[in-house]
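Chain letters run A, B, ... following the sequence lines, proteins first and then strands; every chain starts at 1.
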Number of protein chains: 2
Amino acid sequence: MVHPTKKQKRGSSSSSSSSSSSIETSYTVKASSSSSSCPTKQHQLPLFLSKTYHMIDRCDPTISTWSIAGDNFVVKDVEKFASEVLPLYFKHSNFSSFARQLNFYGFRKLRSDPILTNDIDPQTSCYVRFYHEKFQKDHPELLQTIKRATKASDQQSKEDVDTLKLEVYKLKNLVTEMEVGMERKISDMTYDYNRRITSLTTECDRLANLVK
Amino acid sequence: MVHPTKKQKRGSSSSSSSSSSSIETSYTVKASSSSSSCPTKQHQLPLFLSKTYHMIDRCDPTISTWSIAGDNFVVKDVEKFASEVLPLYFKHSNFSSFARQLNFYGFRKLRSDPILTNDIDPQTSCYVRFYHEKFQKDHPELLQTIKRATKASDQQSKEDVDTLKLEVYKLKNLVTEMEVGMERKISDMTYDYNRRITSLTTECDRLANLVK
DNA sequence: GGGAATATTCCC
DNA sequence: GGGAATATTCCC
């Protein structure tokens, strides 16, 4: 089978279909050295989102299409969708890989869940629906607001690091407080000690003089 | 162009060439819940290594081949290698992506670097050689010992976490030592203090009795 | 050559 | 549905 995306680079539009692209498909990694307000080097819409939007938009509606209200999309024939549609846009033909990406971007699976067994429509029971608040028919401008999840391990590591840094901070404060407290306590004790010693010594001297 | 690896899954052998595979090509993620000595679920050789080994082994030698000694491999025609050979094994046809993967696995680029400009052979000056101690012609068994680099950020995070944990450990020890030290110091001071007060008080009492 | 992001795979 | 690995891309 011909693989139309073979030489595709990020930033070029999909080569498999017509090109009246209404959404930004380029992707640029945010320059690590620039501030986040730099207008030229911002990361743009991930290709996954623009590809998926176009894919649903242009798909044979008997395989996959928008819902009637346009607020979700349905894959009616997972088999055909995987083998015939996905490879037009992605470097694979696995439905589960597509679903994994949807999951990364926060899409949720919708279920019809009929109450009665009799209500199960054999025609539509195998349909798979996906929903994302910002993934709507005729509203590609919303796509920009969809954020990909950062990896959980990174998240965890960051939290771990932050927790440990806080602990180090608190411990250093404690050490400083203990040093100050110890110094003051010893200073106070020494003061009292010397005062009482002096007082007793004076008394001894006075009495010693009287004894003489 | 036909894309032979389209439906390939990890664990299946490359479908583009003959199949007298002498090396393990399956890949299984290490089960996180099992001990590292579990023989059935170990991660095997990454596909990148087995694919690259076969690729060099089977390549048209005018495009890429092993060195004469078999201890490195040379890409003689980067252009053709990228467009014709890479996509037989990988989901792309970019030489830089291939090089990036080599880099992940610890391969080094070799240069001929002739001393004299005259020594530059226009035939071979554009050759690109790669070397890895464990990537040798006729020794596929060495491939298993090649380890992919873990991501630098993870590495960094791990080191950061370890450093911070050590710091927390040291600070907690310091706090304990300070507590013990302070207690002993105050105890010692109190002891001296009481001894001298007692001694002086006794002397005062003795003198007071004499005065009476 | 390598950092860091997204993409794809595999597993639980 | 999501964790974690490898794969691919893009950038410095």
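- The neighbour count for Glu179(A) CD, taken as heavy atoms of other residues, nucleotides or ligands under 6.0 Å away, is above 12.
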N/O donor to acceptor pairs below 3.5 angstrom from side-chain atoms of residues 68-76 of chain B, sequence neighbours left out:
from: Asp71(B); atom 1: OD1; to: Ser67(B); atom 2: OG; distance (Å): 3.0
from: Asn72(B); atom 1: OD1; to: Arg129(B); atom 2: NH1; distance (Å): 3.0
from: Lys76(B); atom 1: NZ; to: Pro61(B); atom 2: O; distance (Å): 3.2

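- Across the protein-nucleic acid pair, His92(B) atom NE2 and dC10(D) atom P stand 12 Å apart, rounded to whole Å.
- In this structure, Tyr131(A) atom OH and dG1(D) atom P are separated by 14 Å, rounded to whole Å.
- For Leu143(B) and dT6(D), the CG to P distance is 15 Å, given to the nearest whole Å.
- Contact annotation: Asn94(A) reaches the phosphate of dT9(C) (side-chain N/O to OP1 or OP2, under 4.0 Å).
- Distance, Leu45(A) CG to dA5(C) C1': 14 Å, rounded to whole Å.
- Nearest nucleotide to the side chain of Pro46(B), out of dT6(D), dT8(C), dG1(D): dT6(D).
- Residue Tyr89(A) has no polar side-chain atom (N or O) positioned under 4.0 Å from OP1 or OP2 of dA7(C).
- Within the 4.0 angstrom heavy-atom criterion, no nucleotide atom of any strand lies near Phe107(B).
- Distances shown here put every side-chain N or O of Asn103(A) at or beyond 4.0 Å from the OP1 or OP2 atom of dG1(D).
- In this structure, Arg100(A) atom CZ and dT6(C) atom P are separated by 13 Å, rounded to whole Å.
- Between Phe81(B) and Phe98(B), the distance from one ring center to the other falls under 6.0 angstrom.
- Using a 4.0 Å heavy-atom distance criterion, Phe98(A) is classed as making no nucleic acid contact.
- Leu49(A) has its CG atom 17 Å from the P atom of dA5(C), to the nearest Å.
- Distance Phe90(B) CZ to dT9(D) P: 12 Å, rounded to the nearest Å.
- Between the C1' atom of dA7(C) and the CD atom of Gln101(B) lies a distance of 12 Å, rounded to the nearest Å.
- At least one side-chain nitrogen or oxygen of Lys91(B) sits closer than 4.0 Å to the OP1 or OP2 atom of dT9(C).
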Without placing hydrogens or testing angles, list every side-chain donor-acceptor pair under 3.5 Å for residues 188-196 of chain B, not counting sequence neighbours.
from: Thr190(B); atom 1: OG1; to: Ile186(B); atom 2: O; distance (Å): 2.6
from: Tyr193(B); atom 1: OH; to: Arg196(A); atom 2: NH1; distance (Å): 2.6
from: Asn194(B); atom 1: ND2; to: Thr190(B); atom 2: O; distance (Å): 3.3
from: Arg196(B); atom 1: NH1; to: Tyr193(A); atom 2: OH; distance (Å): 2.7

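- A cation-pi arrangement is present between Arg148(B) and Phe104(B), with the terminal nitrogen or guanidinium carbon under 6.0 Å from the aromatic centre and inside a 45° cone about the axis.
- One finds a side-chain N or O of Tyr105(B) lying less than 4.0 angstrom from the OP1 or OP2 phosphate oxygen of dA7(D).
- The Phe48(A) side chain lies nearest to dA7(C) when the options are dG2(C), dG1(D), dA7(C).
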